[in-house]
There are 2 protein chains.
Amino acid sequence: MPSATVENYVKEILALSMEKGKAQVGMGEIARGLGVAPGTATSMTKTLEREKLVQYKSHKGVTLTAKGRKLGMGMLRRHRILETFLVETLGLDWTEIHGEAEELEHALSEKVLDRLDKFLGRPEFDPHGDPIPTKDGKIAQSNMRNLLECRRQVASKVTLITDQGVEFLNFARRKGLVPGASVEVISRDLVSDAVELRIGKTKPFTIGSKAARKILVASS
Amino acid sequence: MPSATVENYVKEILALSMEKGKAQVGMGEIARGLGVAPGTATSMTKTLEREKLVQYKSHKGVTLTAKGRKLGMGMLRRHRILETFLVETLGLDWTEIHGEAEELEHALSEKVLDRLDKFLGRPEFDPHGDPIPTKDGKIAQSNMRNLLECRRQVASKVTLITDQGVEFLNFARRKGLVPGASVEVISRDLVSDAVELRIGKTKPFTIGSKAARKILVASS
DNA sequence: CCAATGATTTTGAATAGTCAAAATTATTTC
DNA sequence: GAAATAATTTTGACTATTCAAAATCATTGG
């Protein structure tokens with residue numbers, strides 16, 4: 001069994017490589033991402049290599065092996081299923097679930113994970129709208145971004161509303177945020193928690209980040 | 001935050017002291033219970049003392065402080081709520097849940113624990129029939145034992161059937177295992193998984209350990 | 001092409017938890 | 001009450017993970 005630390009390193013490397021679209025990840029990024037000193041990342045990386053989870057090129061960076069990618073995807077799956085459970089079943093707010101899932105994901109057996117998945121009805125997306133990897137480590141490579149992550153000043157097409165509640169769906173329809181609609185993010189301000197939008201050529205309006213996160217748009 | 005290791009030691013000390021009915025617990029018992037060398041128990045005990053979780057008398061043993069007892073009860077609560085969840089909600093078998101709960105209990109925040117408790121309808125007993133401590137660390141000091149734990153060759157009164165399913169309750173009624181009945185465990189054989197019983201002065205019969213565990217009797 | 005800057009690696013040390021085996025202390029038994 | 005036995009404590013060592021700071025390597029602007 002890999003230790004929780006090993007799992008976290010692999011998860012971070014996977015996340016960074018997906019984020020960048022490049023397989024190779026540098027020590028600095030890992031260290032920053034995990035909140036650890038650079039030297040620690042280097043030495044831990046060597047441990048990962050010994051366990052054949054990554055391939056390491058000194059002064060270049062690390063790349064996950066097939067085994068590493070599998071472990072990483074497994075962690076992502078655990079994490080997202082847990083987040084879904086925390087929100088859907090226990091009614092926690094999506095702002096507070098990340099840290100909780102972070103702890104629990106290392107303590108969850110394969111069996112309990114599968115039962116949880118079944119109990120939740122084999123969800124495809126977590127509460128943030130991120131796709132949940134399948135058991136064999138494949139991720140539905142949806143090129144969707146939510147309105148907090150997508151490019152600004154460029155029109156995109158609404159593709160998915162992740163909050164299926166009546167209330168939110170009604171709100172979205174009133175605003176014209178329906179699948180197929182053309183939407184452009186004009187500006188985002190994290191302090192005031194506001195996202196300014198325009199549907200097609202209509203008058204701009206503002207919604208909160210909580211709502212913006214639930215609207216996914218296509219982004220090539 | 002106490003480490004998972006600290007939590008396990010405190011839990012073990014609490015379990016042993018309750019089991020024996022004596023507050024003070026020896027190093028050997030702890031070491032055996034936790035599957036660790038005796039010297040390890042001694043040194044860890046000193047760590048617990050530094051954190052004011054136990055009071056340690058060299059060559060005598062340890063006693064939990066109020067703080068230690070509170071932590072221990074908290075762990076017992078976590079453990080039993082988790083077991084209840086694993087059985088009631090995810091449908092795992094009670095034979096496989098102990099180890100699972102053992103892992104998860106260290107990763108569960110106070111908040112998630114409370115939500116889980118609420119979701120389960122604030123249960124008072126776990127699937128084994130053990131009482132779940134309240135949030136302030138009080139345990140319903142029921143002097144109940146199940147038929148696997150109670151003294152043999154002595155008549156006791158049936159007080160609780162922990163499996164509330166129709167099927168099991170019908171089975172129990174047919175056998176005369178109803179609250180108030182006088183029952184005596186004649187013999188127990190773990191290999192054949194059999195428990196031989198007699199109700200009052202009637203003819204003895206045999207039931208399996210799974211069933212025996214669901215029947216609680218008063219035991220002073 | 002070479003000095004400055006930034007990233008990475010090495011080194012030496014710390015902490016938590018563990019073990020085996022030797023030393024010590026308690027408890028029984030006669 | 002002394003010898004035998006059992007339990008406990010001490011000692012020295014090991015692993016995993018971490019840090020700070022020094023040393024080294026890589027890149028890039030002039």
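Within every chain, numbering begins at 1; the chains are lettered A, B, ... in the order of the sequence lines, protein sequences first and strands thereafter. All values below come from the heavy atoms of this structure, side chains included, with hydrogens, waters and symmetry mates left out.
Using a cutoff of 4.0 Å between basic side-chain nitrogens and carboxylate oxygens, Arg78(A) and Glu110(A) are scored as salt-bridged.
A sub-4.0 Å separation between OP1 or OP2 of dT18(D) and a side-chain N or O of Thr40(A) is absent. OP1 or OP2 of dG17(C) has at least one side-chain nitrogen or oxygen of Thr5(B) nearer than 4.0 Å. A sub-4.0 Å separation between OP1 or OP2 of dA16(C) and a side-chain N or O of Tyr9(B) is absent. In this model, the phosphate group of dT8(D) is not approached by any side-chain N or O of Tyr56(B) to a distance below 4.0 Å at OP1 or OP2. Between Ser58(A) and the phosphate of dT9(C), there is a side-chain N or O to OP1/OP2 separation shorter than 4.0 Å. A sub-4.0 Å separation between OP1 or OP2 of dT17(D) and a side-chain N or O of Ser3(A) is present. The side chain of Lys60(B) contributes no N or O atom lying less than 4.0 Å from OP1 or OP2 of dA7(D).
Ring geometry for Phe119(A) versus Phe119(B): interplanar angle over 60°, hence perpendicular rather than tilted (30 to 60°).
One atom, CG of Leu48(A), and another, P of dA16(D), lie 13 Å apart when rounded to the nearest Å. Atoms CD1 (Ile30(A)) and P (dT9(C)) sit 10 Å apart, rounded to a whole Å. When the P atom of dT17(D) is taken as reference, atom CD of Glu51(A) falls 8 Å away, rounded to whole Å. For His59(B) and dT8(D), the NE2 to C1' distance is 5 Å, given to the nearest whole Å. When rounded to the nearest whole Å, the span between CZ of Arg32(B) and C1' of dA7(D) equals 10 Å. In this structure, Gln24(A) atom CD and dA26(D) atom P are separated by 13 Å, rounded to whole Å. Residue Glu7(B) contributes atom CD, which lies 16 Å from atom P of dA16(C) at whole-angstrom precision. Taking atom NZ of residue Lys57(B) and atom C1' of nucleotide dT9(D), one finds them 18 Å apart after rounding to whole Å.
Across all strands, Gly39(A) comes closer than 4.0 Å to base atoms (heavy-atom distances).
For Met44(A), the side-chain atoms get nearest to dT17(D) when compared with the rest of dC19(D), dT17(D), dT9(D). Among the nucleotides dA26(D), dG17(C), dT18(C), the one closest to any side-chain atom of Val36(B) is dT18(C). Of the candidates dT18(D), dT8(C), dT8(D), dT8(C) carries the atom nearest the Pro38(A) side chain, counting heavy atoms from C-beta on.
Taking CD1 from Ile132(A) and OG1 from Thr84(A), the interatomic distance works out to 4.0 Å, rounded to the nearest 0.5 Å. Taken to the nearest 0.5 Å, the CZ atom of Arg152(A) stands 6.0 Å off from the CZ atom of Arg188(A).
Under the side-chain contact (heavy atoms from CB on, under 4.5 Å) test applied with Gln24(A), the options Thr63(A), Ile13(A), Val62(A) reduce to a single match, Thr63(A).
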